[in-house]
Amino acid sequence: MKKSKLFLVSLTSIMAVLLLSGCENNMVVFNPEGPIARQILELINFSIALMLLVTVVVFGLFGFIVWKYRERKDNLDYEPPEEHGSTVLEIIWTVIPILIIVALTIPTVKTIYAIDEIPKGYENKEPLVINVTSADWKWIFSYPEQGIETVNYVNIPEDRPIDFRLTSAGTMQSFWIPALAGQKYTMAKAETQLYLVADNPGSYVGKNTNFNGQGYAGMEFEVLSQTQKDFDQWIKDVKETAPKMTLEEYEKMLEPSHLGRKTFSNTHLEWVDHSDPHSKNYTNPEMYDRGHGWPGKIFEDKDNYKNKDGNNDHLNHENNEDMNHKESETKDSHGGDHSGH
């Protein structure tokens with residue numbers, strides 16, 4: 001009997017080790033590298049502690065009640081008296097959840113408002129403005145003051161507030177740098193704002209966390225925090241060596257695809273500001289591969305950027321072909337056109 005128990009314990013331990021061996025201890029949010037990320041971590045830790053407290057109390061009371069009111073030899077014939085409710089108990093179990101919600105709400109709201117502003121201690125430092133444009137499936141970073149643009153990577157100076165102005169060229173994305181800040185959505189014809197500060201030089205991963213098609217999983221970028229001296233030298237090198245981008249190159253870049261890193265000595269802001277409510281729609285729905293060879297109905301979009309003259313001839317042509325194809329299939333499936341029915 002003892003040998004079988006020992007074998008069972010050993011087998012359970014081995015299985016636990018095998019299962020846990022695949023888990024990585026790479027929880028970036030618990031290793032913040034900036035004041036914004038630290039504020040978010042403090043909120044996470046507070047929430048976890050409060051939830052653990054609730055869990056311990058609930059399971060403790062559950063175990064106490066099961067033990068105290070278990071069936072015993074001296075209470076086999078016990079019949080509880082008829083109860084008509086307890087006002088005191090009902091007030092207690094109504095008030096406690098309200099207090100828990102309030103305890104979670106207050107620090108959450110305070111943190112949300114705090115991270116939407118320049119972090120404390122950095123108010124006197126001028127933020128570096130970087131326009132972020134998401135596209136399928138890439139990130140475009142524009143430095144309006146420096147007049148340069150990068151794709152799928154962004155360099156920032158350490159110990160200086162960064163003011164990200166977020167928008168999208170098409171579908172909605174989610175901009176997130178776990179080690180430095182929280183998540184913000186990017187939307188076409190709208191602008192959201194995200195502040196962050198990097199404490200030290202280093203490389204950090206940014207990603208899209210909003211599912212928006214088959215390419216979203218690979219939509220990552222690098223954030224490289226540099227000393228101010230190295231950052232200034234990088235800006236100078238880009239201006240001297242990086243090529244100029246044309247409007248045609250930019251529009252081609254917005255098509256659904258994965259790109260490597262690119263650097264330009266100008267920005268697309270000279271042609272289009274995707275956060276402008278009156279800007280064109282830079283989407284290419286006819287290029288989405290849904291995996292079944294049928295792109296679906298392509299609706300006419302008068303504001304699409306391909307409509308140089310205000311007409312949507314290319315989409316209308318495709319839609320007419322689709323409709324003719326469907327009508328042909330319908331007629332064939334019924335044996336042709338029958339009259340007199």
Side-chain angles (χ1 to χ4, degrees), residues 9 12-13 15-70 86-123 156 158-159 161-164 166 174-185 192-211 220 223 225:
V9 172
T12 303
S13 302
M15 291 179 64
V17 170
L18 291 175
L19 288 172
L20 295 175
S21 63
C23 299
E24 295 184 9
N25 185 20
N26 190 25
M27 304 180 73
V28 183
V29 291
F30 290 94
N31 295 284
E33 298 291 342
I36 298 293
R38 276 193 293 274
Q39 286 179 285
I40 295 174
L41 178 60
E42 290 173 2
L43 177 62
I44 293 173
N45 289 336
F46 173 79
S47 301
I48 292 174
L50 183 58
M51 288 185 284
L52 283 176
L53 177 62
V54 172
T55 302
V56 170
V57 171
V58 169
F59 278 93
L61 288 173
F62 174 76
F64 171 76
I65 292 172
V66 169
W67 175 260
K68 180 176 176 62
Y69 297 102
R70 72 191 187 282
S86 171
T87 303
V88 175
L89 288 177
E90 290 183 4
I91 291 175
I92 290 174
W93 63 52
T94 301
V95 170
I96 289 177
I98 293 175
L99 293 177
I100 294 172
I101 293 173
V102 170
L104 286 170
T105 301
I106 292 175
T108 300
V109 172
K110 291 175 67 176
T111 302
I112 289 174
Y113 278 96
I115 63 177
D116 275 344
E117 299 176 353
I118 296 176
K120 291 183 178 180
Y122 295 89
E123 298 91 342
I156 61 174
E158 65 163 334
D159 204 36
I162 309 300
D163 181 4
F164 282 120
L166 312 170
S174 173
F175 182 84
W176 188 34
I177 309 172
L180 298 177
Q183 170 268 339
K184 279 287 182 76
Y185 287 110
T192 53
Q193 193 173 27
L194 178 70
Y195 286 108
L196 62 80
V197 176
D199 291 334
N200 303 294
S203 176
Y204 311 103
V205 176
K207 59 184 67 180
N208 170 30
T209 62
N210 186 61
F211 180 80
E220 295 187 348
V223 182
S225 174

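Model, not experiment: these values are computed from the prediction. Atom set for the values below is all heavy atoms of this structure, side chains included, hydrogens, waters and symmetry mates excluded.
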**Item:** Nearest heavy atoms of Leu50 and Ile100, plus distance in Å
**Value:** CD2-O, 4.1 Å
**Request:** Could you list the residues that satisfy salt bridge (charged side-chain N to carboxylate O under 4.0 Å, His left out) with Lys207, not counting sequence neighbours?
**Result:** none
**Prompt:** At what distance, to the nearest 0.5 angstrom, does CZ of Arg38 lie from CG of Asp199?
**Reply:** 4.0 Å
Counting only pairs under 3.5 Å, give me each side-chain donor-acceptor contact of residues 106-120, with atom names and distances, residues two or more places apart or in other chains.
unit_1, atom_1, unit_2, atom_2, d
Thr108, OG1, Leu104, O, 2.6
Thr111, OG1, Pro107, O, 2.8
Asp116, OD1, Lys184, NZ, 3.2

**Request:** For Phe175, check ring pair (Phe, Tyr, Trp, His ring centres under 6.0 Å) against everything at least two apart and list the hits.
**Result:** Trp139, Phe164, Phe221
**Request:** Step through the shown structure and confirm whether more than 12 heavy atoms of other residues, nucleotides or ligands are within 6.0 Å of CH2 on Trp93.
**Result:** yes
**Asked** Of all residues at least two apart in sequence or in a different chain, which pass the side chain to side chain contact (heavy atoms under 4.5 Å, CB included) check with Ile91?
**Response** Thr87, Val95
**Request:** Measure the CD1-CG distance between Ile48 and Leu41 for me, rounded to the nearest 0.5 Å.
**Result:** 8.5 Å
**Request:** Could you check if a side-chain atom of Val223 sits within less than 4.5 angstrom of a side-chain atom of Glu33, using non-hydrogen atoms only?
**Result:** no
**Fill in**
side-chain contact (heavy atoms from CB on, under 4.5 Å) test vs Pro178 passes for just one of Val29, Val205, Ile40, Asn31, namely Val29
**Fill in**
One should read off an interatomic distance between Trp67 CH2 and Phe62 CZ, to the nearest 0.5 angstrom, of 14.0 Å
**Item:** Side chain proximity check, Leu196 to Ile156, heavy atoms < 4.5 angstrom
**Value:** yes
**Asked** Do the side chain of Glu123 and the main chain of Gly121 share a donor and acceptor less than 3.5 angstrom apart?
**Response** yes
**Prompt:** Who passes side chain to side chain donor-acceptor pair (under 3.5 Å) against Ser174, sequence neighbours left out?
**Reply:** Gln183, Thr209
**Request:** Quick one: list whatever passes side chain to side chain donor-acceptor pair (under 3.5 Å) with Asn45, sequence neighbours left out.
**Result:** none
**Message:** I want to check something: taking the side chain as every heavy atom from C-beta on, are Thr192 and Tyr185 in contact at a cut-off of under 4.5 Å?
**Reply:** no
**Fill in**
Looking only at heavy atoms, the pair that brings Tyr204 and Ala179 closest together is CD2-CB, 3.8 Å
**Asked** Quick one: CD1 on Ile36 to CD1 on Ile162, what's the gap to the nearest 0.5 Å?
**Response** 11.5 Å
